[in-house]
Each structure stands twice: as C-alpha cells, then as structure tokens.
There are 2 protein chains.
Amino acid sequence: MKKKKHTSYHHGNLKESLIHTALDMVDKEGLEAITLRELANRLGTSRSAIYRHFEGKEALMKQVILAGFDRLDAAIEPYFNNKESPLLERFHAMGISYVTFATENPNLYRLLFGPVMSKEREEVCETERPDLHKILHGDSSAEVIETAPDDSFHKLVTIIIEAQDQEIFKKEDPILIATAIWSLLHGLSMLIIDGHLSISDNVQAVYEVNYKILLEGLVRSHS
Amino acid sequence: MKKKKHTSYHHGNLKESLIHTALDMVDKEGLEAITLRELANRLGTSRSAIYRHFEGKEALMKQVILAGFDRLDAAIEPYFNNKESPLLERFHAMGISYVTFATENPNLYRLLFGPVMSKEREEVCETERPDLHKILHGDSSAEVIETAPDDSFHKLVTIIIEAQDQEIFKKEDPILIATAIWSLLHGLSMLIIDGHLSISDNVQAVYEVNYKILLEGLVRSHS
DNA sequence: TCTCTATGTTAACATTGTCAACATGATTTG
DNA sequence: CAAATCATGTTGACAATGTTAACATAGAGA
C-alpha cells in the first residue's frame, strides 16, 4: 500500500510511521501492547530513535490520540454531510455510527478518552475551546456553519442549530444540547465496550431506546 | 479512626490495609501513584508481602475497584432510600450526586471504569448478570424490589419501575431506560472529569439541561 | 516439644522508559 | 570541492517496577 520513498533519508519518514503503527497496534492489540522497543522493532529501527521525533512516550501517544480522533471523525463525517437525507435521519445515523465505531474499535476508543491525556486536560480545562463561544453567541446559523472547524463536536452543534432553525428541536442552548447528546453516546459506548451492560449483545436495540428517549426530550412538539 | 488490633499476627490485617490505602492513594494521587513498593513502604511492610494475599498487582487492583464501587454506591444510596421526598426529586438528586461524586473524586471514578478490568470484562461479558433477566421478566414490581440486590443499577431499575407504576414514566423496558440514564450520567461524568467539555466550570448547569432533556423523554404526558 | 502452615523478608531478574555518548547521512558554508 | 554543522540513528547503561525464588519466623495443633 504505502511504499514510502525510501530514498530520502535515514529511515524515510519515521515520525509518521511511528504514529500510524502505534495507532494500529493500539487498535488491534490494546494499549498495553505498545512498548517503545516493540515499536522500534516493527519499524526496523532502534528504540532510542523515537526521541529524535518525540519528547518521550507520552508525547508520541498524544499524537497517536490525535490521529485516532481523525479516524473517529472520518467515521461519522459521512452522516453529517449527507445533505440529501432528512435531518433527523442523519442525526439518527450519526449516533449509530458513533457507537458502532466505539464497539468495533474498543481499544482505539478507550485510548481516545483514556488516561493518557486526562491529567493534562484537567489543567488546560479552563482555557480550552474559547472558539465555541463564538458559535454560541453567533446569531445566524448559516454563518456559523461556514466558520465552524471540522471538529465533530462543532458539526454536531451546527446540526442542532439547523434543527432548531427548522423548528424541529426546542430552542435550548445548542452547546448544552450537544453536550447531552455526546454524553449519552459516549457513556453508552464506554459502558458497552467495558462490559458494564448486560445487554451488550444487542447494541442496536439499546441504541434505539436511548435514541428514542433522547429525541422525545429534544423535539419541539408531539403529534 | 481504625485502630486495628495489632496484637493478632505478623502485621495485623494486611489484606484490608492494602486495599484501603491503595484506594486512598488512587483517590488522592492518581492511579499512576500506586506502586507495590510505595504501598509496602507506607504500610511498613515489604514489597513481596503483597503476594501472600493477592496473586499480583492486578488482582489487588480488582479488589480496590470493588471497594471503590462500594464508596460510589454509598454516595448515591441516601437518595434512593429517602422515601419521604417525591420520586422525581429523588431521581433528580440521585443524578446530581452521581455526577458530583465523579467530579469530586475524578481519580477514583476513572479507576472504577478504567482499563484495569476492561479486558477481562470483555471476555466475561456474555455470561454476566443473568440475574437481571429475572427483574426484566418479573411481572410484579413489588416483588422485584424485594429480590433486587443492593447494587446501584438495580436500585435505579426499581425506581424506574416505581415511577412506571405511578404512571409517571412511560412503560418502556425499565432496564433499557436505566441503561440510558446510566449512560448519560456516566458519559457526562467522564467528559467533565477528563476536560472534554468547555463548560465544565458550571457542572450544575450542564446537569440541569441534561436532566431536563432526559426527563422530557421519560415522562408519560406533557402538560 | 515438634511440626506444619501462614505470613513476611531479602536478593535477584526481566521489562520498560529514558538518557548520554557516539556514529553517520545530509545540508550548508567557506 | 572540503569542511563544518545539523539532523537522524545506534549502542550501552541506568532507574523504576512487577515478579519470583529461597529463606526466615510466628502461631497453631499434634
């Protein structure tokens, strides 16, 4: 597949290779399988070469996590952008694709929301995401869609605003609504992949009930 | 507080001491702070003594996790059992106490749902919790309340059944409803303590919106 | 008392992340 | 072009940690 141009340098592009093989290792063999020596072996290099590209293992893992989030975003994106199907269908499918991604790649999903970043995030927490306030306080939704970054959470917010503009959803703070939706999806995914639910054999059914409950709390009026 | 009877044996009761000091260490200093040597030092014993009581570090951590779940259960229990206040108030307070427990003890909460048990749970997942099916297929709710174990999830299920009996909640599968509620609470807790939300400075407000959305999807009819 | 089992200690080992010292390919400079 | 400089890779060593084996000791029961 990816025959790198091995002509260029010592190894080629070690930095990217490290990130991607680490990502694949996490996905297939779990987080504990990742050791710097094993990583180096698989790439035919030596353990310490890593330190020419990353400050340490943790710095590498952060990059891996970022790449993992890209995969997650890529898995859900089609359902955000498919403008042909009705909004609620997209909304429904987006949720399914999210939970499905988690259950099909449990190791990867656990990494994304796992303990690697948690300490650091706790510190940075306050200053984070000031850009969201722009969305929150922007009055027109059309304008927001343009300025929103391609982050999945932002896309979710814009979909909610869209649904509010179409008088489908109640006019609640869209960011808080998005938070509730994300919480439900994230919690459900985590509980399933960690085996805390007794009904994890039928993920689809569990999701449908969750979706139904959530939706009835979101829609504007009942028929 | 807990002056153990140091007269009895070599150390006294090392097994329980290990579990409880480990639990406190996780809570105050994080999971990474736990090393067998440090644990042994704090208890004035030697590192290898641990292996007379546990198969290894992982076995010890599993016991720590069980003790941690007891703390979580104890933190929410008052809101389950306070029979004087109306059911919806108990329901509301229970959710707040859950999220509050998580945000006030982030290290502990992360441990409970963290990576220690995840692999094992994946294997045991299918055979787990057959007792829940009894609740699901029991027709009378009063009978269920008696037979339910003191697990928090079971209590949640019984409260839902109670609300259904009082015609407050819709008659949906109570286990699936409980799953949805737990997912929301768990997801919200995790996202907050890991700093994924931009609004984590006002936990209460976030919870209220989540609760409102969830409740409107649960209640039987709108006024 | 003697023996046995439970519990605790010490020393050693393998794994892993990290760093220092050295080596080499590529790039820039005189 | 030659030399210097920088980027990249390698080797050896070290500290921390979980684990195990061999040894030690206290308490219980014959």
Side-chain angles (χ1 to χ4, degrees), chain A residues 4-26 28-65 107 111 114-120, chain B residues 4-26 28-65 107 111 114-120:
Chain A
K4 320 280 170 68
K5 37 182 177 179
H6 219 290
T7 65
S8 61
Y9 229 135
H10 276 149
H11 177 96
N13 45 0
L14 218 173
K15 184 164 185 173
E16 284 199 2
S17 299
L18 280 169
I19 295 177
H20 283 103
T21 50
L23 188 59
D24 286 340
M25 280 180 69
V26 173
K28 289 167 192 155
E29 303 160 51
L31 180 57
E32 320 78 39
I34 291 204
T35 144
L36 297 188
R37 280 163 166 87
E38 181 59 25
L39 250 181
N41 285 346
R42 299 205 187 181
L43 288 169
T45 178
S46 94
R47 36 204 184 297
S48 268
I50 299 176
Y51 291 85
R52 301 294 153 176
H53 301 276
F54 304 94
E55 285 217 352
K57 188 184 185 182
E58 205 173 305
L60 165 63
M61 292 314 292
K62 284 177 193 167
Q63 299 296 114
V64 175
I65 288 176
N107 291 322
L111 171 73
V116 178
M117 305 283 279
S118 50
K119 272 178 307 182
E120 191 161 324
Chain B
K4 320 281 170 66
K5 37 181 177 180
H6 218 291
T7 65
S8 62
Y9 230 136
H10 276 149
H11 177 95
N13 45 1
L14 218 174
K15 185 165 183 172
E16 285 199 0
S17 298
L18 280 168
I19 294 178
H20 283 103
T21 51
L23 188 59
D24 286 340
M25 281 181 69
V26 173
K28 289 166 191 156
E29 303 160 50
L31 179 57
E32 320 79 41
I34 290 203
T35 145
L36 296 189
R37 280 163 167 88
E38 181 59 25
L39 250 180
N41 286 345
R42 300 205 186 181
L43 288 169
T45 177
S46 94
R47 354 173 180 44
S48 267
I50 299 176
Y51 291 84
R52 300 293 154 178
H53 300 275
F54 304 95
E55 285 217 352
K57 188 183 186 182
E58 205 173 304
L60 165 62
M61 293 313 293
K62 284 176 194 168
Q63 299 295 114
V64 175
I65 289 176
N107 292 322
L111 171 74
V116 178
M117 305 283 279
S118 50
K119 271 179 307 182
E120 191 161 322

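Numbers restart at 1 for each chain; the letters A, B, ... are given by sequence-line order, proteins then strands.
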To the nearest 0.5 Å, how far apart are [atom1] in [X] and [atom2] in [Y]?
{"X": "B:L111", "Y": "B:L23", "atom1": "CG", "atom2": "CG", "result": "7.5 Å"}
{"X": "A:H20", "Y": "A:Q63", "atom1": "NE2", "atom2": "CD", "result": "11.0 Å"}
{"X": "B:E55", "Y": "B:L60", "atom1": "CD", "atom2": "CG", "result": "12.0 Å"}
{"X": "A:E32", "Y": "A:M25", "atom1": "CD", "atom2": "CE", "result": "10.5 Å"}

Length of the CG-C1' vector between B:L60 and D:dT17, whole Å: 15 Å
Nearest non-hydrogen partners of B:I19 and B:V64, listed with the distance: O-CG2, 3.9 Å
B:L18 versus B:L39, closest heavy-atom pair with distance: O-CD2, 4.1 Å
For B:K28, all residues meeting side-chain contact (heavy atoms from CB on, under 4.5 Å), sequence neighbours excluded: B:D24
Proximity to DNA chain C (any heavy atom under 4.0 Å), residues of residues 33-47 of chain A only: A:I34, A:T35, A:L36, A:R37
Strand-adjacent residues in residues 48-57 of chain B, judged by heavy atoms under 4.0 Å from DNA chain C: B:S48, B:A49, B:R52, B:H53
Taking only distance into account, with no hydrogens and no angle test, what donor-acceptor pairs under 3.5 Å do side-chain atoms of residues 41-52 of chain B form with protein atoms, sequence neighbours excluded?
from	atom 1	to	atom 2	distance (Å)
B:R42	NE	B:E38	OE2	2.9
B:R42	NH1	B:E29	OE2	3.0
B:R42	NH2	B:E29	OE1	3.0
B:R42	NH2	B:E29	OE2	3.4

